[in-house]
Engineer: 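Mind having a look at this structure? Questions to follow.
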Amino acid sequence: MNKPGLRLGVLASGRGSNLESIIRACSAVKIHAGIEIVISDRARSQALEHARRNQIPAVHLDPKAHSSREDYDAAAVRLLHEHRVDLVVLAGYMRLITSRLIGPFKNRIINIHPSLLPSFPGLRSHRQALEWGVRISGCTVHFVDETMDQGSIIIQAAVPVLDGDTEETLEARVLEQEHRILPQAIEYLAEDRLEISGRRVILKSPKPSAGAMVVSPMIEIGL
Ligand code: GAR
């Protein structure tokens, strides 16, 4: 398949709504990228169905067929190389990845996480946020390194946590933002506008935008 722009390999475990947001952005040519392969560790992942429906090569890579996490990742790297992937996108990928995958794709793997990192890493981030009682939550796109959910942050989007929120309502509000910032982060990389400086990611030639502040709950601050 010959598509212009960045060649993406997407790894996804579940529902695949973030994958769909990338597919939509690619089809609408809102981002200069194309998905070359989708890999899932779960045979029944809806992500694989979305990929097939969109004529994107979709592979179930079965963890049980590999003796270790390293072997599994080595198999993933072979597939990604076969499809000449430039950027690996973890879009709801629920496996921890090893240096076998990170090494060959240094600073070329990004992940979307459903919290404002470094708060609430790992699993069940919305439950963690609700239990902590934060007033603002959100999502983060970050580079992936050997740590879990601690790589350099590319974009974050914040949403209010409302008093009546459940894990489901908060998830839905955050997910809407995930679908905006993940394609945006891919586009920054496609445009080669990101520079990593220590822990910080610098956006080169940022476009002017109105300053914004998020306050939650929406009370009168009186100042
Ligand atoms: C998303 O909320 C994503 O941020 C999260 O899983 C969900 C996948 O949804 N990822 C993680 O928790 C990674 N630690 P999707 O399959 O509909 O894209």
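Counting starts at 1 for both ligands and their atoms, following the listed order. Note that the coordinates shown come from a computational prediction; the quantities given were computed from them, not determined experimentally.
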Engineer: Starting from atom 14 (N) of ligand 1, what is the nearest protein heavy atom, named by residue and atom, and what distance separates them?
Structural biologist: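 Ranking protein heavy atoms by distance from atom 14 (N) of ligand 1, first comes H113 ND1, 3.5 Å.
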
Engineer: Give the residue and atom name of whichever protein heavy atom lies nearest to atom 10 (N) of ligand 1, and the separation in Å to one decimal.
Structural biologist: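 Closest protein heavy atom to atom 10 (N) of ligand 1: I112 O, 3.6 Å.
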
Engineer: Quick check: does G16 get an N/O under 3.5 Å from an N/O on ligand 1?
Structural biologist: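 Between G16 and ligand 1 (N or O atoms, distance only) the closest approach is under 3.5 Å.
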
Engineer: Report, one line per pair, each donor and acceptor closer than 3.5 Å where one atom sits in a side chain of residues 177-184; sequence neighbours left out.
Structural biologist:
unit_1	atom_1	unit_2	atom_2	d
Q177	OE1	R180	NH1	2.7
E178	OE1	N18	ND2	2.9
H179	NE2	S17	OG	2.9

Engineer: Please check this pair: side chain of E82 against backbone of V77, looking for a donor-acceptor N/O pair closer than 3.5 Å.
Structural biologist: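 No, the answer is negative, given that no donor and acceptor are paired below the 3.5 Å cut-off.
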
Engineer: Measuring only between side-chain heavy atoms, which start at C-beta, is K30 closer than 4.5 Å to R24?
Structural biologist: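 No; the side chains remain at least 4.5 Å from each other.
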
Engineer: Backbone N or O of Y188 within a donor-acceptor pair of the R193 side chain at under 3.5 Å?
Structural biologist: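 No, the answer is negative, given that no donor and acceptor are paired below the 3.5 Å cut-off.
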
Engineer: Under 4.0 Å from a heavy atom of L175: which atoms of ligand 1 are those, numbered in the order shown and with their elements?
Structural biologist: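 Answer, ordered by atom number: 2 (O).
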
Engineer: With nothing but distance in play, are any N or O atoms of R15 less than 3.5 Å from an N or O of ligand 1?
Structural biologist: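 Yes, R15 has an N/O under 3.5 Å of an N/O on ligand 1.
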
Engineer: Taking non-hydrogen atoms only, is Q46 closer than 4.0 angstrom to ligand 1 via side chain, backbone, both or neither?
Structural biologist: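 The answer is neither; Q46 stays 4.0 Å or more away.
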
Engineer: List ligand 1 atoms under 4.0 Å from G92, heavy atoms only on the residue side.
Structural biologist: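 Atoms satisfying the 4.0 Å criterion: 6 (O), 8 (C), 10 (N).
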
Engineer: Could you tell me whether the side chain of T140 and the main chain of L117 form a donor-acceptor pair under 3.5 Å?
Structural biologist: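 Looks like yes, one N/O pair under 3.5 Å.
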
Engineer: Return the residue, atom name and 0.1 Å-rounded distance of the protein heavy atom closest to atom 3 (C) of ligand 1.
Structural biologist: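 Going by distance alone, atom 3 (C) of ligand 1 is nearest to E178 OE1, 3.3 Å.
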
Engineer: Apply the side chain to side chain contact (heavy atoms under 4.5 Å, CB included) test between I110 and each candidate in I186, L194, V144; give the one that qualifies.
Structural biologist: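 Exactly one pass, corresponding to I186.
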
Engineer: Only heavy atoms count here, so choose which of V10, N18, N111 is nearest to atom 18 (O) of ligand 1.
Structural biologist: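 It is N18 whose heavy atom sits nearest to atom 18 (O) of ligand 1.
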
Engineer: Which pairs of donor and acceptor atoms, one on a side chain in residues 94-108, lie under 3.5 Å apart (sequence neighbours left out)?
Structural biologist:
unit_1	atom_1	unit_2	atom_2	d
T98	OG1	D73	OD2	2.7
T98	OG1	R100	N	3.3
R108	NE	D86	O	3.4

Engineer: Using distance alone, decide if ligand 1 has a nitrogen or oxygen within less than 3.5 Å of any nitrogen or oxygen in S17.
Structural biologist: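 So ligand 1 has an N or O lying under 3.5 Å from an N or O of S17.
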
Engineer: Look only at the side chain of N54 and the backbone of I56, and say whether a donor-acceptor pair between them is shorter than 3.5 Å.
Structural biologist: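 No, because the side chain of N54 does not come within donor-acceptor range (under 3.5 Å) of the backbone of I56.
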
Engineer: With a 4.0 Å cut-off on heavy atoms, does E171 reach ligand 1?
Structural biologist: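 E171 does not count as a contact of ligand 1 under the 4.0 Å cut-off.
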
Engineer: Could you identify the single nearest non-hydrogen protein atom to atom 5 (C) of ligand 1 and state the distance to 0.1 Å?
Structural biologist: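 Atom 5 (C) of ligand 1 sits closest to the protein heavy atom P114 CD, 3.8 Å.
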
Engineer: Checking K204 side chain against D192 main chain: does a donor-acceptor pair fall under 3.5 Å?
Structural biologist: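 Confirmed, K204 side chain pairs with D192 backbone.
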
Engineer: Hey, is L123 touching ligand 1 through its side chain, its backbone, both or neither, going by heavy atoms under 4.0 Å?
Structural biologist: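 Neither; nothing of L123 gets under 4.0 Å from ligand 1.
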
